[in-house]
Protein chains: 2
Amino acid sequence: MKKGELRKQELQDKMAKHILENGLQAGSLRNLAQAAGTSDRMLLHYYHDKEELMKEVLTQISDNLITILEQARTVSIPFNQLVPHLYKLIKNPVVKPYIQLWLELIARASKKEEPYHSIAKQIGDSFIHYCSELIQADDKEKEKLAPLTFIIIEGIAMLDAIDFESNIEKALDGLSDFKK
Amino acid sequence: MKKGELRKQELQDKMAKHILENGLQAGSLRNLAQAAGTSDRMLLHYYHDKEELMKEVLTQISDNLITILEQARTVSIPFNQLVPHLYKLIKNPVVKPYIQLWLELIARASKKEEPYHSIAKQIGDSFIHYCSELIQADDKEKEKLAPLTFIIIEGIAMLDAIDFESNIEKALDGLSDFKK
DNA sequence: TTTAAAATGTAGCACTTGCTACATAAATAA
DNA sequence: TTATTTATGTAGCAAGTGCTACATTTTAAA
């Protein structure tokens, strides 16, 4: 890697950290520049415009999350244990900022705003793939259970955003009453 | 109702419509004023500040949604039919803007931003109450199934935001495989 | 060593944001 | 009719937004 690219990567790491800690809303060029220890002028030197910058930063954040998830990977689990397991995971202080950012991403994606929409789709795909790998079931079952797991975790994340923990517990209770 | 209050309500209706159609992001005082056919100056005459304005407008929107939902109410349905029923409902063009706004609300609520956080909690409560009324089950079951329904519908709304319809179908398929 | 390219600084533009100061016109109360 | 709220207009401020123009220094290629 050349010197320039190295510097760019250095800035990008710091920007990713800043976005993760403060959200998309706090991601103005000047804010990001300050967090990275440079100027907005320099950011537009390394990136063509803000859209390109955000695309690369968010992609990096998403890659980081995947790495974290892969590291926290266990052996495959049956569905009824997987959901509580993932609930614990998204409550983890390391993971939680990613979930909060994810909610912001979805809000923008729902308006087809770019680059957020396409990045959100990518992340969605990765997560379903991740669920699929974790579920203990045959392939035909996985096909249905991975999306179902995704949906339930997303829903839980939303309830968690409005401090509905007790409702989450009740729902998990209700879920465990079901059998195949 | 006095003349002033009447005028305020008139403006508020138009602002609610605008927010519903264009989202929170498009809700600057000047945008709202234009949509209501007045000036930002006048909005701050009727409301103390933007926070108060948003609080009242969003509360009204939420009340409108509840009215719509109540009108679309059927007889009580067992859980496994309720989820597909609600999925159809949130796909309804009349309801869909509310869901999109809801996603935006959640994103802000997750940062404890006011007035969004408290309003989102209120709406969450109403929706769980609504689910509870619709579910065909005894009270003890409802206690668990209403939050579970809420979670699943929220999750579906998120997947829908990133055009994951086929995954939603698979998940619903998977869900119907479960039995008590 | 000259030359081209990449890195960085300083200033600013045009626009949007919430909100305010200062005024006048209109409706209402005394 | 006078006095007092209430309604509305005009202008602007201070801060923030993405982005650009123009300059200079530093680095690397010839």
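Here the structure is a predicted model, which means the values were calculated and not measured. Just so it is clear: chains get the letters A, B, ... in the order the sequence lines come, proteins before strands, and each one is counted from 1.
The CG atom of A/Leu43 sits 11 Å away from the P atom of C/dT8 (whole-angstrom rounding). B/Leu32 has its CG atom 15 Å from the C1' atom of C/dC19, to the nearest Å. When the C1' atom of C/dA7 is taken as reference, atom CG of A/Leu11 falls 12 Å away, rounded to whole Å. Atom CG of B/Asp40 and atom C1' of D/dC13 are 13 Å apart (whole Å). As a whole-Å value, the separation of A/Glu52 CD from D/dG18 C1' is 15 Å. Rounding to whole angstrom units, CG of residue B/Leu24 and C1' of C/dG18 are separated by 16 Å. Across the protein-nucleic acid pair, A/His45 atom NE2 and C/dT8 atom P stand 7 Å apart, rounded to whole Å. Atom CE in B/Met42 sits roughly 4 Å away from atom P in D/dT8 (whole-Å rounding).
Atom NZ of A/Lys17 has 12 or fewer heavy atoms from other residues, nucleotides or ligands within 6.0 Å.
Both A/Met42 and A/Leu44 sit in one connected hydrophobic cluster of ILVMFWY residues. Membership requires side-chain heavy atoms under 4.5 Å apart, directly or through other members.
Across all strands, A/Asp49 comes closer than 4.0 Å only to sugar-phosphate atoms, never to a base (heavy-atom distances).
At the phosphate of C/dT17, OP1 or OP2 sits under 4.0 Å from a side-chain N or O atom of B/Ser28. Proximity of B/Tyr46 to the phosphate of D/dT6: no side-chain N or O atom is located under 4.0 Å from OP1 or OP2.
With respect to the salt-bridge test (charged N to carboxylate O, under 4.0 angstrom), the residues A/Lys55 and A/Glu52 do not qualify. Taking a cutoff of 4.0 Å between a charged side-chain nitrogen and a carboxylate oxygen, B/Glu70 and B/Arg73 qualify as a salt bridge.
A residue-by-residue look at A/Arg41 and A/Asn31 shows that A/Asn31 has its nearest nucleotide of DNA chain D further toward the 5' end. When each of B/Leu44 and B/Gln25 is assigned the nucleotide of DNA chain C bearing its nearest heavy atom, the one mapping closer to the 5' terminus is B/Gln25.
Checked against C/dA6, C/dG18, C/dG9, the side chain of B/Lys50 finds its nearest nucleotide in C/dG18.
The base of C/dG18 sits within donor-acceptor range of the side chain of B/Arg30, with an N or O pair under 3.5 Å.
Using a 4.5 Å heavy-atom cutoff, the side chains of B/Ile90 and B/Trp102 are not in contact.
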